[in-house]
Visitor: 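Provided herewith is a single structure, encoded as structure tokens, for subsequent inquiry.
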Amino acid sequence: MTVQQSEVEAGAKQRAGGWLRIDLDALKQNYALLQQKVGREIAVGAAVKADAYGLGVARVAPALYRAGCRRFFVATVDEGLGLRPLLSADAAICVLNGPPRGSEALLLASGLTPVLNSLDQTRRWAALCRETGRKAACLLQLDSGMSRFGLSEGDLDTLCAEDLPDALDIAFVMSHLACADDATSSRNEGQRRAFETLRRKLPALPASLAASSGIFLGEEFHFSLVRPGYALYGGNPTPALPNPMHPVVTMLGGLVQDRWIAPETAVGYSARFVATQKTRIATLSVGYADGFHRRAGGLTSAVLPARPEISLPVVGRISMDCMALDVTALGDMDLPPGTGFELIGPHRPLDELASALDTIGYELLTSLGKRFHREYIESSQ
Ligand SMILES: *Cc1c(COP(=O)(O)O)cnc(C)c1O
């Protein structure tokens, strides 16, 4: 008996062990919300590095383009090369880590915009512009106190002494905040001032400082362009306050089987969970290989989307390909194999899971595995 490829594909959703639902409508709403927050005169770019934080840049970036975004940030040249054919030419794709040596001509020919972070990167790009007679756009990054990327004050002086700004078409000068997620940190204002001071060494140019959290620090952090990533994907840019963003990602784990176990029966590797009473255990087909961190066992819970008020603890060790839920609270409710339990989503916020695991939602999103059946929701294009 042969099986048609179309049949294999048609059943993929049902067969999957877990499902990721990515709500592009919510993504676009989040973009609109941030645009509204900064006002119409200020451009809202989007960080889509690392495959749009694990959500799938091929679907996310075009949806953001439809929402009005015209400036995209990736980390590496190859991420930029992958994204370029998916967006029209009026969308700028900026390579945050800058051009590795020898890749300058490729960037230029491919229509990618480098972020120039060091004297070395800046000199090489200026040399290419002079050689080709093309002042191709770039962004210039200044180090306002994070000591990661960007030119120092001394570098800027050298740059000016070498007349490099004349050779360059600098679309924006930019910098990045180290502590924007903590609105009470005095480092934010310190970095803003340092950025202003550094900027004055150059001709007046449009500027950019804020990522997701920086947008919520106040107007004086907005400059001409903001560069959110996490908030677009539903993460909370204001960790001390309720999340103003709409959830974008829902992760569901599919039920494989369930059983009642007697008191003193163990569950999972190393018998980390031992039932103290008669307990109903459900095995879901999602594990650490899917990006559901191993240490989450005992620290978090799932829900049935139809019964969100009933919390179902994740018990025992997370295995590579499965995990156990204590579903005793559902009693004898009929649970057909394939039933989806929400692990991340509107009822199980990403940021709450992240803080239970002593990490950040960024890390959870960028760890999402390849085995999920992914479904993108977009009501209108
Ligand atoms: C990743 C990144 C962003 C986006 O950060 P979020 O916190 O996800 O909004 C913006 N700017 C730079 C330089 C980045 O590296």
Side-chain angles (χ1 to χ4, degrees), residues 27 30-31 33-35 37-38 42-55 57 60-61 64 67 69 71-77 79-80 83 92-99 112-118 121 138-151 171-183 185 187-188 191-192 194-195 198 206-217 221-240 243-246 248-249 350-351 354 359-368:
L27 173 81
N30 286 339
Y31 183 86
L33 198 151
L34 296 177
Q35 181 72 73
K37 173 99 189 149
V38 297
I42 290 162
V44 179
V48 296
K49 57 202 185 191
D51 200 24
Y53 294 41
L55 304 194
V57 71
V60 163
L64 287 169
C69 185
R71 191 167 290 275
F72 296 81
F73 292 87
V74 294
T76 66
V77 175
E79 286 183 344
L83 179 55
I93 300 174
C94 308
V95 179
L96 285 166
N97 291 12
L112 301 179
T113 306
V115 175
L116 305 175
N117 295 299
S118 63
Q121 290 184 350
C138 63
L139 275 63
L140 189 68
Q141 174 133 241
L142 310 178
D143 179 11
S144 58
M146 195 176 181
S147 312
R148 199 177 68 161
F149 289 120
L151 284 84
F172 293 92
V173 281
M174 62 173 274
S175 193
H176 194 53
L177 296 168
C179 305
D181 60 336
D182 175 7
S185 171
R187 290 187 187 273
N188 295 321
Q191 279 197 264
R192 195 189 67 77
F195 183 48
L198 290 172
S208 176
L209 180 61
S212 296
S213 295
I215 292 172
F216 292 81
L217 293 176
F221 287 84
H222 295 166
F223 295 91
S224 313
L225 165 74
V226 294
R227 314 180 305 265
Y230 191 53
L232 292 171
Y233 309 123
N236 188 357
T238 55
N243 189 354
M245 313 312 296
H246 304 284
V248 172
V249 182
L350 174 67
D351 289 279
T359 182
I360 53 176
Y362 297 69
E363 194 179 23
L364 299 185
L365 292 182
T366 56
S367 310
L368 291 172

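FYI, side chains are in, hydrogens and waters are out, and symmetry mates aren't considered; it's all heavy atoms of this structure. Counting convention: from 1, in listed order, for ligands and their atoms alike.
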Visitor: Does the ring centre of Phe195 sit less than 6.0 Å away from the ring centre of Phe223?
Guide: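 Yes - the distance between ring centres of Phe223 and Phe195 falls below the 6.0 Å cut-off.
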
Visitor: Enumerate the atoms of ligand 1 whose separation from the nearest heavy atom of Tyr230 is less than 4.0 angstrom.
Guide: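 Close to Tyr230: 6 (P), 8 (O), 9 (O).
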
Visitor: Taking only non-hydrogen atoms of Phe73, do any sit less than 4.0 angstrom from ligand 1?
Guide: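 Flag not set, Phe73 not near ligand 1.
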
Visitor: With a heavy-atom distance limit of 4.0 Å, tell me whether Gln141 approaches ligand 1 through its side chain, its backbone, both, or neither.
Guide: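 Neither; nothing of Gln141 gets under 4.0 Å from ligand 1.
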
Visitor: Can you list the steps and then say if Leu350 with Val249 is a side chain to side chain contact (heavy atoms under 4.5 Å, CB included)?
Guide: CA-CA 8 Å; Leu350 174 67; Val249 182; 5.8 Å; no

Visitor: Given side chain to side chain contact (heavy atoms under 4.5 Å, CB included), test Val74 with Leu112 step by step and report yes or no.
Guide: CA-CA 10 Å; Val74 294; Leu112 301 179; over 6 Å; no

Visitor: How far is atom 15 (O) of ligand 1 from its nearest protein heavy atom, and which residue and atom is that?
Guide: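 Here the nearest protein heavy atom works out to Lys49 NZ, 2.7 Å.
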
Visitor: Under 4.5 Å between any side-chain heavy atoms of Gln121 and Pro114, yes or no?
Guide: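 Heavy-atom side-chain distance check fails, nothing below 4.5 Å.
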
Visitor: For ligand 1, which atoms, with element, lie under 4.0 Å from some heavy atom of Arg148?
Guide: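 Close to Arg148: 15 (O).
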
Visitor: Kindly assign one of parallel, tilted or perpendicular to the pair Tyr362 and Tyr230, based on the angle between their ring planes and the thresholds 30° and 60°.
Guide: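 It falls in the parallel class, under 30°.
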
Visitor: Return the closest protein heavy atom for atom 7 (O) of ligand 1 as residue, atom name and distance.
Guide: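 Nearest neighbour among protein heavy atoms for atom 7 (O) of ligand 1, to 0.1 Å: Tyr362 OH, 2.6 Å.
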
Visitor: So do the side chains of Leu225 and Pro206 get within less than 4.5 Å of each other, counting heavy atoms only?
Guide: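 Counting from C-beta outward, Leu225 and Pro206 never come under 4.5 Å.
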
Visitor: Is Pro228 close enough to touch ligand 1? Criterion: a residue heavy atom under 4.0 Å from a ligand atom.
Guide: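 Yes, that is the case, since the closest heavy atom of the residue is under 4.0 Å from the ligand.
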
Visitor: Can you tell which part of Arg227 has a heavy atom less than 4.0 Å from ligand 1: side chain, backbone, both or neither?
Guide: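 For Arg227, backbone and side-chain atoms both sit under 4.0 Å from ligand 1.
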
Visitor: Counting each atom of ligand 1 from 1 as listed, which ones have a heavy atom of Tyr53 under 4.0 Å away?
Guide: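 It comes down to these atoms of ligand 1: 1 (C), 4 (C), 5 (O), 6 (P), 8 (O).
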
Visitor: Tell me: protein heavy atom nearest atom 9 (O) of ligand 1, and distance?
Guide: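 Ranked first by proximity to atom 9 (O) of ligand 1 is Ser212 OG, 2.5 Å.
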
Visitor: Near Leu96, which atoms of ligand 1 are under 4.0 Å from a heavy atom of that residue?
Guide: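 Under 4.0 Å from Leu96, ligand 1 has these atoms: 13 (C), 14 (C), 15 (O).
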
Visitor: Could you please spell out the steps behind the side chain to side chain contact (heavy atoms under 4.5 Å, CB included) verdict for Leu96 and Asn117?
Guide: CA-CA 8 Å; Leu96 285 166; Asn117 295 299; over 6 Å; no

Visitor: Taking a cutoff of less than 4.0 Å between a non-hydrogen atom of the residue and any ligand atom, is Met146 in contact with ligand 1?
Guide: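 Not so, Met146 does not reach ligand 1.
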
Visitor: Between Val248 and Tyr53, is a side chain to side chain contact (heavy atoms under 4.5 Å, CB included) present by the stated rule, with each step listed?
Guide: CA-CA 12 Å; Val248 172; Tyr53 294 41; over 6 Å; no

